2 protein chains.
Amino acid sequence: MESQNVKDTVRQIFTEYLNANGHRKTPERYAILETIYSIDGHFDIDMLYSQMMNQENFRVSRATLYNTIILLINARLVIKHQFGNSSQYEKSYNRETHHHQICTQCGKVTEFQNEALQNAIENTKLSRFQLSHYSLYIYGICSKCDRANRRKKVSNNNKKEK
Amino acid sequence: MESQNVKDTVRQIFTEYLNANGHRKTPERYAILETIYSIDGHFDIDMLYSQMMNQENFRVSRATLYNTIILLINARLVIKHQFGNSSQYEKSYNRETHHHQICTQCGKVTEFQNEALQNAIENTKLSRFQLSHYSLYIYGICSKCDRANRRKKVSNNNKKEK
DNA sequence: ATAAATGCAAATATTTTGCAAGCGC
DNA sequence: GCGCTTGCAAAATATTTGCATTTAT
């Protein structure tokens, strides 16, 4: 699906959501949706804020960003993550299901896909619970940190031997 | 494994960790470990703080709680979650692997076990990444909220008809 | 004796809230 | 015009940090 196509579709989904829930269709809300769907990968409120100011040339307050993000989450157009300090968000419509790999040392977050894993999660029978979405976070040491650690260890051992 | 037995074991693991990393073995650290392993399920810093003061009659500052929790996480004795606002923690030694079901409406967190799911996750081949642990969060509507929503909907429909 | 750890308070960071003004319906 | 929404600033919350004091080694 083309990018513009996706934007049109999510705008429509959002409109339906706003109508169904008696919320107003303000220009701020659509500008925020537009900006979010221009961002690839994760973002936090600060990044979204500067993105709106600079790229889209649209001025909104942080309060409105927080308010609107909640609507978008409820409309199932955005998902929220809480890795590091500040909450991270990502667009969710028309995105491949993916999982998150987080390095406990440098904090780097990498996405990966795995169909078997996805099937296993989606086919899990949940008793008395209506699944809406899920997040799998896998923690460990990334290859970069692992290499750095090995180098450090070698150099420490050398020191001790001296 | 008995509760006292577990506490002895984790104390020993912690001691080894502290020794291996050149950290001091302070009474605060052991008291915090002891308290954490007396708590079932999740806790946050505030709950741990009052738990220490009241139950264990041990006075520690929040700063020390935060510091010590980091050590315990590194020693693989505690896991950190970030659902709601404040970080949630749980003891991890000798606990069954489990997953988390979170109601997006009332925020209630329920644990559940599922071996097939666990196997699927643990057998996932990760390229250039050393797995240490993982968390699966499943979001949706719990049965209680679902029932409440149905009742509300019925009552709204009745209103409209009048 | 020395450096690490603690407690306290202040600082920081993030998110929420109250309220006046603006604007969608 | 009504009342939801916005922007701003203040407040609330959670976590980190600096520093003087204590204490493990």
Side-chain angles (χ1 to χ4, degrees), chain A residues 11 14-36 42-53 56-75 78-89 104 107, chain B residues 11 14-36 42-53 56-75 78-89 104 107:
Chain A
R11 199 180 304 121
F14 195 31
T15 299
E16 281 161 16
Y17 172 83
L18 293 174
N19 283 336
N21 293 276
H23 294 302
R24 291 185 184 168
K25 294 183 280 295
T26 67
E28 286 83 1
R29 288 175 176 170
Y30 286 102
I32 293 166
L33 177 63
E34 168 84 20
T35 308
I36 288 176
H42 303 125
F43 62 90
D44 60 15
I45 292 290
D46 244 42
M47 178 182 161
L48 179 56
Y49 184 75
S50 50
Q51 197 91 181
M52 304 257 340
M53 303 288 261
E56 311 286 327
N57 208 39
F58 199 103
R59 170 127 188 67
V60 275
S61 66
R62 275 156 217 279
T64 300
L65 291 182
Y66 280 110
N67 286 334
T68 305
I69 285 259
I70 292 171
L71 298 177
L72 290 170
I73 289 171
N74 289 334
V78 166
I79 19 180
K80 179 179 184 175
H81 295 289
Q82 301 194 82
F83 314 118
N85 311 323
S86 63
S87 296
Q88 302 281 316
Y89 306 88
T104 51
Chain B
R11 198 178 306 119
F14 195 32
T15 300
E16 282 162 16
Y17 172 82
L18 294 174
N19 282 337
N21 292 276
H23 294 302
R24 289 186 185 169
K25 297 182 277 297
T26 67
E28 287 83 1
R29 288 175 176 170
Y30 286 101
I32 292 166
L33 177 63
E34 168 84 19
T35 308
I36 288 176
H42 302 125
F43 62 91
D44 59 16
I45 293 290
D46 246 42
M47 178 185 161
L48 179 58
Y49 184 75
S50 50
Q51 197 91 182
M52 304 257 340
M53 304 287 262
E56 311 286 326
N57 207 40
F58 198 103
R59 174 133 184 65
V60 275
S61 66
R62 275 157 216 280
T64 299
L65 291 182
Y66 280 111
N67 286 335
T68 305
I69 286 258
I70 292 171
L71 297 178
L72 290 170
I73 289 171
N74 289 335
V78 166
I79 313 189
K80 178 179 184 175
H81 294 290
Q82 301 194 81
F83 314 119
N85 311 324
S86 64
S87 296
Q88 303 282 317
Y89 306 88
T104 50

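Chain letters run A, B, ... following the sequence lines, proteins first and then strands; every chain starts at 1. These figures come from a predicted structure and were not determined experimentally.
- Considering only side-chain N and O atoms, B:Y66 lies nowhere under 4.0 angstrom from the phosphate OP1 or OP2 of D:dT16.
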Base, backbone or nothing for each nucleotide of nucleotides 8-13 of chain C, written B, S, -, heavy atoms under 4.0 angstrom, 5' to 3'?
B-----

Tabulate atom names and distances for all N/O pairs under 3.5 angstrom spanning the protein and nucleotides 23-25 of chain C.
residue, atom, partner, partner atom, Å
C:dG24, N2, A:R24, NH2, 3.0
C:dC25, OP1, A:K25, N, 3.0

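- Side-chain contact check for B:I32 versus B:M52: some heavy-atom pair is nearer than 4.5 Å.
- Contact annotation for A:R62: no contact, since no heavy-atom pair falls under 4.0 Å across all strands.
- Distance CG (A:D44) to C1' (C:dT15): 13 Å, rounded to an integer number of Å.
- Atom CD1 of A:I70 is separated from atom P of D:dT6 by 12 Å (rounded to the nearest Å).
- Listed for the B:T64 side chain is no donor-acceptor partner under 3.5 Å among the backbone atoms of B:V60.
- Every residue two or more places apart in sequence or in another chain was checked for a salt bridge (charged side-chain N to carboxylate O under 4.0 Å, His left out) with B:E16, and none qualifies.
- Which of C:dA5, D:dT6, D:dT15 sits closest to the side chain of B:S87 comes down to D:dT15.
- In terms of the side-chain contact (heavy atoms from CB on, under 4.5 Å) criterion, A:N57 has no residue partners (sequence neighbours excluded).
- Evaluated for a side chain to side chain contact (heavy atoms under 4.5 Å, CB included) with A:Y89, the options A:I45, A:I79, A:L48, A:L72 yield exactly one hit, A:I45.
- Residues satisfying the salt bridge (charged side-chain N to carboxylate O under 4.0 Å, His left out) test with A:R62, not counting sequence neighbours, are A:D46.
- Overall bending of the helix from C:dA1-D:dT25 to C:dC25-D:dG1, expressed as the angle between end axes built from five pairs apiece, is 40° (10° steps).
- Under 3.5 Å, the side chains of A:Y49 and A:S61 contain no donor-acceptor pair of N or O atoms.
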